[in-house]
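The structure appears right after this line, and notes come after that.
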Amino acid sequence: MCGRSSLTKVEKEIEAHFHATFYSEELERYNPLPNYNIAPTQMVPVITSTDTQHLHIYRWGLIPFWAKDKRIGAKMINARVESLSEKAAFKKLLTSRRCIVPMDGFYEWKTDGKIKTPFRIVTTDQEIFSVAGLWDIWIVPDTGEIISSFTVITIHPNEMMAKIHDRMPAILLPENEKLWLDPDLKSSDAMQLLIPYPSEYMNAYEVSAKVN
């Protein structure tokens, strides 16, 4: 599971990294940056396969287009890679609505008996990394409001992460970011990009329990 993350950079740094720009009206409306402790249901920058030139700000927690209530999003913050080609909520999105979620860290809790110790995990080879995600659009039945939301894909851990948790977010190798966003990429080929990030390029350190 990936339930907390961080993006401590300002918009100019993120734009430079991804060669994409924010829409000023979205920044003025949500102003999510920088954020050292991003939680589900918050508004988060993403880049989608339908608009790779811009950063949009979407809600974390997927609300499928067919949902009757937006509260389902709190239960769909992650999508297990094993279920992407099986679950109806993910199968079509894997083909047509992929996104990357910029992060510069994520949090995970190591369990030892009844004690849970939080760690912040970062990449050492790049200051901002891209996590693979899926997104969808939901229209509020009563008002017609449009809510764009996303889920973070999780995979089995690499050697380093296995010491902390049995899952990790699907961090894309830098050379695979454009491929993941390629609208012409087949879903079967996209699945091949979801592999554990190399342990030698990651680091973890203990943080305060206040993160929770």
Side-chain angles (χ1 to χ4, degrees), residues 1-3 5 7 14 17-20 38 40-41 43-68 70 72-103 106 108 123 126 128-139 146-158 161-162 165-199 201-202:
M1 180 178 179
C2 176
S5 65
L7 187 56
I14 300 169
H17 181 89
F18 291 103
H19 304 289
I38 301 171
T41 74
M43 303 301 290
V44 181
V46 302
I47 302 175
T48 71
S49 56
T50 57
D51 185 6
T52 60
Q53 302 301 309
H54 295 94
L55 288 129
H56 292 272
I57 302 177
Y58 287 179
R59 177 188 170 106
W60 185 6
L62 186 73
I63 308 173
F65 76 92
W66 44 259
K68 295 181 179 180
K70 71 177 181 181
I72 192 176
K75 299 179 181 179
M76 300 185 72
I77 63 172
N78 291 161
R80 295 174 67 92
V81 67
E82 298 88 346
S83 66
L84 295 187
S85 58
E86 299 174 0
K87 289 192 175 182
F90 305 140
K91 192 173 183 179
K92 188 174 182 179
L93 302 184
L94 181 62
T95 300
S96 60
R97 289 187 170 175
R98 295 188 296 270
C99 67
I100 59 176
V101 185
M103 299 181 186
F106 65 94
E108 200 52 81
T123 54
Q126 49 182 344
I128 303 174
F129 55 89
S130 298
V131 173
L134 304 173
W135 65 281
D136 207 350
I137 293 174
W138 183 67
I139 300 176
I146 297 174
I147 298 180
S148 299
S149 60
F150 70 93
T151 186
V152 168
I153 298 173
T154 65
I155 58 177
H156 61 277
N158 59 25
M161 274 301 302
H165 201 266
D166 61 358
R167 304 292 295 181
M168 68 179 289
I171 303 173
L172 295 165
L173 295 173
E175 60 267 28
N176 289 339
E177 291 176 1
K178 288 185 178 180
L179 278 174
W180 177 255
L181 293 179
D182 185 348
D184 296 324
L185 186 69
K186 296 180 180 179
S187 57
S188 57
D189 293 329
M191 289 285 288
Q192 301 304 310
L193 306 179
L194 304 176
I195 57 177
Y197 206 72
S199 289
Y201 298 136
M202 296 184 70

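Computed from heavy atoms alone, side chains included, the values below leave out hydrogens, waters and symmetry copies.
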Distance from [X] atom [atom1] to [Y] atom [atom2], nearest 0.5 Å?
X: M43; Y: I147; atom1: CE; atom2: CD1; result: 8.0 Å
X: D184; Y: L179; atom1: CG; atom2: CG; result: 11.5 Å
X: D51; Y: H56; atom1: CG; atom2: NE2; result: 4.0 Å
X: T52; Y: H19; atom1: OG1; atom2: NE2; result: 12.0 Å
X: T123; Y: Y197; atom1: OG1; atom2: OH; result: 5.5 Å
X: E177; Y: L193; atom1: CD; atom2: CG; result: 11.0 Å

What closest approach, in Å, do [X] and [Y] show between heavy atoms, and which atom pair accounts for it?
X: P45; Y: L7; result: CG-CD2, 4.0 Å
X: G61; Y: S149; result: O-CB, 3.3 Å
X: I100; Y: S130; result: CD1-OG, 3.7 Å
X: M191; Y: L84; result: SD-CD1, 3.8 Å
X: W135; Y: C99; result: CD1-CB, 3.8 Å
X: N158; Y: S199; result: CG-OG, 3.3 Å

Do any N or O atoms from the side chain of [X] and from the backbone of [Y] form a donor-acceptor pair under 3.5 angstrom?
X: S96; Y: K92; answer: yes
X: W138; Y: W66; answer: no
X: T151; Y: L62; answer: no

Evaluate the side-chain proximity of [Y] to [X]: yes if any heavy-atom separation is below 4.5 Å, no if none is.
X: H156; Y: P196; result: yes
X: M202; Y: I171; result: yes
X: F90; Y: I153; result: no
X: R80; Y: K87; result: no
X: Q126; Y: H17; result: yes
X: L173; Y: P198; result: yes
X: R98; Y: T48; result: no

Residues in side chain to side chain contact (heavy atoms under 4.5 Å, CB included) contact with D166, at least two apart in sequence or another chain: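 Counting only residues at least two positions away or on another chain, D166 forms no side chain to side chain contact (heavy atoms under 4.5 Å, CB included).
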
Holding to side chain to side chain contact (heavy atoms under 4.5 Å, CB included), I want the full list of residues that pass it with K91, two or more places apart in sequence or in another chain.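 By the side chain to side chain contact (heavy atoms under 4.5 Å, CB included) rule, K91 matches no residue at all.
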
By side chain to side chain donor-acceptor pair (under 3.5 Å) - contacts of R97 (at least two apart):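 R97: side chain to side chain donor-acceptor pair (under 3.5 Å) contacts with D136.
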
Using 30° and 60° as the class boundaries, would you call the ring planes of F150 and W60 parallel, tilted or perpendicular?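 Parallel, since the angle between the ring planes stays under 30°.
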
Would you sort out whether F106 and I38 count as a side-chain contact (heavy atoms from CB on, under 4.5 Å), showing the intermediate values? CA-CA 9 Å; F106 65 94; I38 301 171; over 6 Å; no

Atom CD of residue position Q53 - does it have more than 12 heavy atoms of other residues, nucleotides or ligands inside 6.0 Å? no

